[in-house]
Novice: 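If you scroll down you'll find the structure; I have some questions about it.
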Amino acid sequence: MRKNIVAGNWKMNTTVSEGVKLATEVNEALNGVDAKCEVIICVPFTHLTSCKAVCGEKLHLGAENCADHTKGAYTGEVSASMVASTGADYVILGHSERRAYYGETVEMLAEKTKLALENNLKVIFCIGEVLEEREAGKQNEVVKAQLESVFSLSAEDFGKIVLAYEPVWAIGTGKTATDEQAEEIHAYIRSLIAEKYGDQVADDTTILYGGSCKPSNAKGLFAKPNVDGGLIGGASLDAESFMGIVTAF
Ligand code: 13P
């Protein structure tokens with residue numbers, strides 16, 4: 001059976017001390033509830049080691065990106081093995097902000113995914129269309145093309161991928177996809193996985209929704225059969241609102 005997951009994506013927010021405070025608050029709150037999902041915080045590279053120190057057994061840690069090379073003369077880059085060496089066990093790849101602002105392509109993301117998996121990191125792989133594509137009814141086509149980065153993996157490796165559908169028009173805009181819009185495209189994504197890897201793998205794949213997810217709309221989204229949790233931006237920067245989403249399951 002697939003796992004339900006709520007993952008925070010802090011993006012480029014918080015200093016190290018603010019981040020440690022937030023991680024500590026989330027960890028403490030999590031210890032006080034019987035969460036029905038796995039909980040992950042994905043934090044800036046600079047925060048990984050100190051956040052790891054305050055994550056208890058219930059709180060998993062991830063990075064927000066990793067390099068598409070193993071090591072060497074790539075000034076400013078952080079490799080998958082460096083991320084793994086902090087004790088993190090997840091990495092977000094293919095976020096729309098990285099695709100849009102840093103030119104990440106399907107091929108680069110295939111390489112990053114391969115390197116992350118070789119270093120025993122689990123990958124939260126993001127896909128999603130922009131507004132013009134949604135308005136032109138092209139969202140299925142777009143997510144199908146983006147999935148090419150992970151569809152060359154073996155079924156075993158694909159089993160280590162969590163997908164996150166994040167419509168770009170819903171990110172940080174306060175405009176959430178309706179429960180029905182999310183369910184419709186999540187079901188389509190699952191059908192593509194079934195076509196490629198078979199029904200069992202499709203059934204076992206966790207597909208998260210991301211885009212203005214908050215405590216007030218999480219319950220409705222998570223109640224949909226193909227929505228297995230959320231990837232949370234803004235609302236993950238406050239322990240109380242993040243926990244409001246965690247406890248929506
Ligand atoms: P918001 O929750 O701030 O809309 O961000 C979603 C997101 O991009 C998570 O990766």
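These values consider heavy atoms only, across backbone and side chains, with no hydrogens, waters or symmetry-generated copies. One-based numbering, in listed order, for ligands and for the atoms of each.
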Novice: At a 4.0 Å cut-off, with the gap strictly under it, does some heavy atom of Ala170 reach an atom of ligand 1?
Specialist: yes
Novice: Can you say whether the rings of Phe158 and Tyr197 are parallel (under 30°), tilted (30 to 60°) or perpendicular (over 60°)?
Specialist: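 Rings of Phe158 and Tyr197: parallel, under 30°.
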Novice: Quickly, which of Asn140, Val227, Asn226 forms a side chain to side chain contact (heavy atoms under 4.5 Å, CB included) with Ile185? Name it, please.
Specialist: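 Result: among Asn140, Val227, Asn226, Asn140 is the only option passing the side chain to side chain contact (heavy atoms under 4.5 Å, CB included) with Ile185.
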Novice: Considering only non-hydrogen protein atoms, determine which one is nearest to atom 9 (C) of ligand 1 and report residue, atom name and distance to 0.1 Å.
Specialist: Glu166 OE2, 2.8 Å
Novice: Can Lys3 and Asp228 be counted as an ion pair, charged N to O under 4.0 angstrom?
Specialist: no
Novice: Taking the six-membered ring for Trp, are Tyr209 and Phe222 closer than 6.0 Å centroid to centroid?
Specialist: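 Ring centres of Phe222 and Tyr209 not closer than 6.0 Å.
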Novice: Out of all atoms in ligand 1, which are within 4.0 Å of some heavy atom of Lys11? Include the element for each.
Specialist: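 Contacts of ligand 1 toward Lys11, numbered from 1: 5 (O), 6 (C), 7 (C), 8 (O).
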Novice: Would you mind checking if Glu180 and Lys224 are paired as a salt bridge, meaning a charged N to carboxylate O distance below 4.0 Å?
Specialist: yes
Novice: Out of curiosity, is Ser212 lining ligand 1, as in a heavy atom under 4.0 Å away?
Specialist: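 So Ser212 counts as touching ligand 1.
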Novice: Considering only non-hydrogen protein atoms, determine which one is nearest to atom 2 (O) of ligand 1 and report residue, atom name and distance to 0.1 Å.
Specialist: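 Looking at atom 2 (O) of ligand 1, the protein heavy atom closest to it is Gly233 N, 2.9 Å.
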Novice: Is a side-chain donor-acceptor pair under 3.5 Å present for Trp169 with Glu129?
Specialist: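 There is such a pair (donor and acceptor under 3.5 Å, judged by atom type) between the side chains of Glu129 and Trp169.
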Novice: Under 4.0 Å between a Lys/Arg side-chain N and an Asp/Glu carboxylate O for Glu104 and Arg98?
Specialist: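 Yes, charged N to carboxylate O under 4.0 Å.
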Novice: Give the numbers and elements of all ligand 1 atoms closer than 4.0 Å to a heavy atom of Gly234.
Specialist: 1 (P), 2 (O), 3 (O)
Novice: Examine Asn9 against ligand 1 and note whether any of their N/O atoms are separated by less than 3.5 Å.
Specialist: yes
Novice: Answer yes or no for Lys214: is there a heavy-atom contact with ligand 1 below 4.0 Å?
Specialist: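 Flag not set, Lys214 not near ligand 1.
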Novice: Within a distance under 4.0 Å of any heavy atom of Gly211, pick out the atoms of ligand 1 and give their elements.
Specialist: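 Heavy-atom distances to Gly211 below 4.0 Å select 4 (O), 6 (C).
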